[in-house]
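All remarks here apply to the structure that follows.
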Amino acid sequence: MKDVQERIGEIITILSQAYPRSRTALRFESPFQILVATILSAQCTDEKVNQITPALFRKYPTPSDFASADPKVLEQEIRPTGFFRNKTKSIIGASKKIVEDFGGKVPDNMEDLISLPGVARKTANIVLSSSFKKAEGIAVDTHVRRLSQRLGLSKEQDPDKIERDLMEIVPKDDWLDFNYMLVNHGRAVCPSRKPRCPECQLKRLCPSASEFYPGNELNL
DNA sequence: ATCCCGAGGG
DNA sequence: CCCTCTGGAT
């Protein structure tokens, strides 16, 4: 198997053709909406988030509306997404800080974004890339973590360490799309449980393909 | 390391 | 029943 630097270019070329420049599956119409939707998406499918956000954003159009929301009511409104107590605290807390410290506007930089309660680098990276078209890092979620490990791009477990490894390997021009490409490939052919290596366009470049489907080690 | 938490798949 | 879904705070 070639080393990481030799494989990463081919991996990005293949994936960028397989999943031509779409973005997150989350529905949103503003930086604030993608922030809330991303908080809701923790340990939950995007589809489930999309089912509740239209009504939510109609009822709470601005950060001030969420800041003054009744926590008990909001908890019930976001209940289907799971972790509803934590997510309610995060949404109301982040909204208050946006109103009080950032003039009602979602910050457009990493440092200010991760100062919001319930917002760490993953969520901040999603907001920056999908709303501001900026990439200060690479969003590492469950899909990026799983595929990075399977593809041998990182041996780390901690998302922040994986992100550091990826930032060394992935050309900066591709940072913005890298999360999207791996998420979609994860959903399409490389899910957590039963990766479908035989139909995977990356099997020739993937150290784990032979692990799941013995025989692929001949395809180097 | 553990907790938060619902919903769907196998 | 166990695992997983675009995590983050303690």
Side-chain angles (χ1 to χ4, degrees), chain A residues 15 19 21-28 31 33-53 55-56 71-98 107 110-132 135-151 153-154 156-164 166 170 174-196 212:
Chain A
L15 291 181
Y19 311 100
R21 63 167 143 244
S22 343
R23 290 271 178 271
T24 173
L26 294 171
R27 283 198 233 126
F28 67 100
Q33 287 189 357
I34 188 62
L35 173 65
V36 173
T38 307
I39 289 172
L40 291 174
S41 74
Q43 300 297 295
C44 173
T45 62
D46 285 359
E47 188 183 354
K48 182 65 68 178
V49 174
N50 287 334
Q51 283 172 12
I52 69 158
T53 45
L56 201 63
K72 284 300 164 195
V73 173
L74 186 54
E75 281 180 6
Q76 293 312 309
E77 289 167 336
I78 68 170
R79 192 175 230 279
T81 68
F83 293 168
F84 58 89
R85 294 188 186 89
N86 284 347
K87 288 175 181 177
T88 293
K89 282 181 190 166
S90 297
I91 291 170
I92 292 179
S95 297
K96 284 182 176 171
K97 181 150 184 155
I98 287 170
M110 176 66 71
E111 184 183 355
D112 288 340
L113 279 169
I114 62 178
S115 77
L116 300 171
V119 178
R121 290 191 62 89
K122 184 268 172 178
T123 299
N125 274 320
I126 294 297
V127 172
L128 286 173
S129 64
S130 53
S131 206
F132 297 113
E136 296 193 26
I138 297 171
V140 177
D141 50 55
T142 182
H143 294 293
V144 175
R145 186 183 64 198
R146 183 179 68 252
L147 268 69
S148 294
Q149 288 169 347
R150 286 180 177 171
L151 285 165
L153 305 181
S154 176
E156 300 289 346
Q157 300 290 330
D158 176 59
D160 286 353
K161 292 181 180 173
I162 294 175
E163 183 181 2
R164 262 179 256 145
L166 293 176
V170 178
D174 297 309
W175 284 10
L176 199 144
D177 293 319
F178 196 72
N179 166 272
Y180 162 78
M181 290 189 283
L182 263 58
V183 167
N184 281 277
H185 192 62
R187 286 175 175 158
V189 309
C190 193
S192 181
R193 292 201 187 191
K194 283 170 57 181
R196 295 184 284 283
F212 295 117

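Quick note on labels: first sequence line is chain A, next is B, and so on, each numbered from 1. Since the model is a prediction, treat every value here as computed from it, not as a measurement.
- Contacts of Ile126(A) with the nucleic acid, taken as non-hydrogen atoms under 4.0 Å apart, include base atoms.
- Between the CD atom of Glu47(A) and the P atom of dG6(B) there is a distance of 19 Å, given to the nearest Å.
- Rounded to an integer number of Å, the gap from Lys87(A) NZ to dC5(C) P is 14 Å.
- With distances taken from any side-chain atom of Lys122(A) to the nucleotides dG8(B), dG6(B), dG7(C), the minimum falls on dG7(C).
- Closest to the Phe84(A) side chain, of the nucleotides dC5(C), dT4(C), dG6(B), is dG6(B).
- Note on Arg85(A): a side-chain N or O is less than 4.0 Å away from OP1 or OP2 of dC5(B).
- In this structure a side-chain-to-backbone donor-acceptor pair under 3.5 Å is present from Ser148(A) to Val144(A).
- A distance-only check finds no donor-acceptor pair linking the side chain of Lys97(A) to the backbone of Ile92(A) [under 3.5 Å].
- Contact check for Arg23(A) versus Asp177(A): side-chain heavy atoms found under the 4.5 Å cut-off.
- A straight line from CZ of Arg187(A) to P of dT4(C) spans 16 Å, rounded to a whole angstrom.
- Whole-Å rounding puts the Ile39(A) CD1 to dC5(B) C1' distance at 16 Å.
- Backbone-only contact: Lys48(A) has heavy atoms under 4.0 Å from sugar-phosphate atoms and none from a base.
- When the P atom is used for both dG8(C) and dA7(B), the distance is 22 Å, rounded to whole Å.
- Remark: the backbone N or O of Ile126(A) is paired with a side-chain donor or acceptor of Ser129(A) at under 3.5 angstrom.
- Rounded to a whole Å, the CD atom of Glu75(A) is 14 Å from the C1' atom of dG6(B).
- Both Cys44(A) and Gly118(A) sit near DNA chain C, but only Cys44(A) has its closest nucleotide nearer the 5' end.
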Show, in sequence, the C-alpha distance, side-chain angles and deciding distance for Asn179(A) and Asn125(A), and conclude whether the side-chain hydrogen bond (donor to acceptor under 3.5 Å, both in side chains) test is met.
CA-CA 9 Å; Asn179(A) 166 272; Asn125(A) 274 320; over 6 Å; no
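- Between the CD1 atom of Ile52(A) and the P atom of dC5(C) there is a distance of 19 Å, rounded to whole Å.
- Using a 4.5 Å cut-off on side-chain heavy atoms (C-beta onward), Ile138(A) and Leu176(A) make no contact.
- If you check every strand for non-hydrogen atoms under 4.0 Å, Ser192(A) touches sugar and phosphate atoms only.
- Across the protein-nucleic acid pair, Arg150(A) atom CZ and dT4(C) atom P stand 9 Å apart, rounded to whole Å.
- Between Arg146(A) and dC5(C), a side-chain N or O to OP1/OP2 separation shorter than 4.0 Å is present.
- Contact annotation: Thr123(A) side-chain N/O to dG8(C) OP1/OP2 distance is under 4.0 Å.
- Between dG6(B) and Arg79(A), a contact under 4.0 Å exists linking OP1 or OP2 to a side-chain N or O.
- Atom CZ in Arg121(A) sits about 17 Å away from atom C1' in dA9(C), given to the nearest Å.
- Among the protein residues, Val144(A) comes within range of no part of the nucleic acid, since none of its heavy atoms lies under 4.0 Å from any strand.
- Between Phe83(A) and dC4(B), a base-stacking contact is recorded: ring centres under 5.5 Å apart, planes less than 30° from parallel.
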